[in-house]
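So the structure is just underneath, and the comments pick up after that.
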Amino acid sequence: MGPHPAVAAIRLAVRRVLHDLLTDQHASRDQHAPVAQGPHEQPPSPLVLVACSGGADSMALASALAFEAPKLGLRAGGVTVDHGLQPGSELRAEEVVLRLRELGLDPVESTAVTVGREGGPEAAARDARYAALDAAAQRHGAIAVLLGHTRDDQAETVLLGLARGSGIRSLSGMAAVSGADGRYRRPFLALDRQTARKACMVQSLPVWDDPHNTDPAYTRSRLRHEGLPALEKALGKGVVEALARTAQLSRDDADALDTWARQAEASVRDAAGLLECAKLYALPPAVRRRILRQAAIEAGAPAGSLFARHIEEVDRLITGWRGQGAINLPGKVVAQRQGGRLVIRQG
């Protein structure tokens, strides 16, 4: 008798991601193959880490990784991040470490972070968490870090992007592969949250429900417990699936437009590398604004703080020029029009 359907589903999702990782590894190794030398020690098997909070999604992911990785010749480890935002968080992090070790993961560690305030509490916690995961991956030489985001998380992300009016890239939600060199992999984007929880239940895996996930002080929590249920009541079941499908379609469109913008950028710069307003004006708005956004980021504007309204203001220097002054952007970056050129630099 095979495993429970929920367990089978999460294992299959993880197996597919691990196969993709191995394919990427082999391709990279073929490109950078060293000249054969004398006998030497075999390098250790590649390591894959799971980011685990102790919640149902990440515990289900950790159990599937522990089951699938050895069958493919991979090592499986885990990292839990202690944000220090709740009393007793250090003890809970230690509990997660013990649970991961009981699953057979090695190495396993807990890493504490200090959460700042920039961008709001949720964004600040996310930034601190990813910085810690990046550091852990580099420290252990991991080829990837698996994240337990589900289809429900994807639907929430799409709605949050829609509410911010941030454009098609925000509507594309979370990528299955992201980060430097494709470090982050999200196997569960096609699975719902309930499947992960059921997989934990039938395997008797203890899970911790973060009280922040039900705290109405947090935007995502309100969306999860009030917004999405209200949408399903008004529109019927299937809203989550439809939003996740929208994310994939939006990502395909956004990727195509990003490619177009990269190819067009060189053609709108003069010999000195400055952006020419007349040539920018001739481009489709979606392509032009991508070039402007990238120029602002290269000048020092933090990508996470650069919103559609900022780019629209800069765009008006090209499409609605009335002699207006400089536009102040996040990161102390300034955009201004000078002699038919658009200059974006640190102020």
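This is a predicted model, so every value here is computed, not measured.
- Linking ILVMFWY residues whenever their side-chain heavy atoms come closer than 4.5 Å, directly or via other members, leaves Met174 and Leu228 in distinct clusters.
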### Task
Begin with the C-alpha distance, continue with both residues' side-chain angles, and end with the deciding distance and a verdict on side-chain hydrogen bond (donor to acceptor under 3.5 Å, both in side chains) for Arg186 and Ser178.
CA-CA 9 Å; Arg186 297 177 174 87; Ser178 65; 2.9 Å; yes
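- Under a hydrophobic clustering in which Ile, Leu, Val, Met, Phe, Trp and Tyr are joined whenever their side-chain heavy atoms come within less than 4.5 Å, directly or via other members, Ile10 and Met201 fall into different clusters.
- Taking both residues in full, the closest heavy atoms of Ala247 and Gly173 are given as CB-N, 4.4 Å, listed atom of the first, atom of the second, then distance.
- You'll find the side chain of Leu146 stays beyond 4.5 Å of the side chain of Leu49, heavy atoms only.
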### Message
One pair to check against side-chain hydrogen bond (donor to acceptor under 3.5 Å, both in side chains): Asp315 and Tyr281. What are the steps and the verdict?
### Response
CA-CA 9 Å; Asp315 197 39; Tyr281 185 86; over 6 Å; no
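- Of all heavy-atom pairs spanning Arg293 and Ile311, the tightest one is CA-CD1, 3.7 Å.
- For the atom pair CZ (Arg185) and CG (Asp20), the distance works out to 6.5 Å, reported to the nearest 0.5 Å.
- We find the CD1-OG1 distance between Ile168 and Thr246 to be 10.5 Å, quoted to the nearest 0.5 Å.
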### Message
Under the criterion side chain to side chain contact (heavy atoms under 4.5 Å, CB included), I'd like the reasoning laid out for Cys277 against Arg341: C-alpha separation, chi angles, the key distance, then a yes or no.
### Response
CA-CA 5 Å; Cys277 295; Arg341 303 292 188 271; 5.6 Å; no
### Task
Please test Val48 against Leu65 for side chain to side chain contact (heavy atoms under 4.5 Å, CB included), starting from the C-alpha separation and ending with a verdict.
CA-CA 8 Å; Val48 178; Leu65 177 64; 4.1 Å; yes
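- The CG atom of Leu342 sits 9.5 Å away from the CH2 atom of Trp321 when rounded to the nearest 0.5 Å.
- Partner of Glu68 under the side chain to side chain donor-acceptor pair (under 3.5 Å) criterion, chosen from Arg15, His19, Arg16, Arg11: Arg15.
- Heavy-atom minimum distance, Ala125 versus Val115: N-CG1, 3.6 Å.
- Of all heavy-atom pairs between Ala261 and Val287, the closest is CA-CG1, 3.8 Å.
- Contact annotation: the side chain of Glu298 never approaches that of Ile344 to less than 4.5 Å [non-hydrogen atoms, C-beta and beyond].
- Atom-to-atom distance recorded for His140:NE2 and Asp106:CG is 9.5 Å, nearest 0.5 angstrom.
- Minimum interatomic distance between Leu231 and Val239 (heavy atoms only, all atoms of both residues): O-CG2, 4.0 Å.
- Side-chain contact between Asp57 and His149: absent, with no pair of heavy atoms (C-beta onward) separated by less than 4.5 Å.
- Between atom OG of residue Ser89 and atom NE2 of residue His83 there is a gap of 10.0 Å, rounded to the nearest 0.5 Å.
- Inter-residue side-chain proximity for Arg129 and Val113 is flagged as unmet; no heavy-atom pair is nearer than 4.5 Å.
- Expressed to the nearest 0.5 Å, how far CD of Gln154 lies from CG of Leu191 amounts to 12.5 Å.
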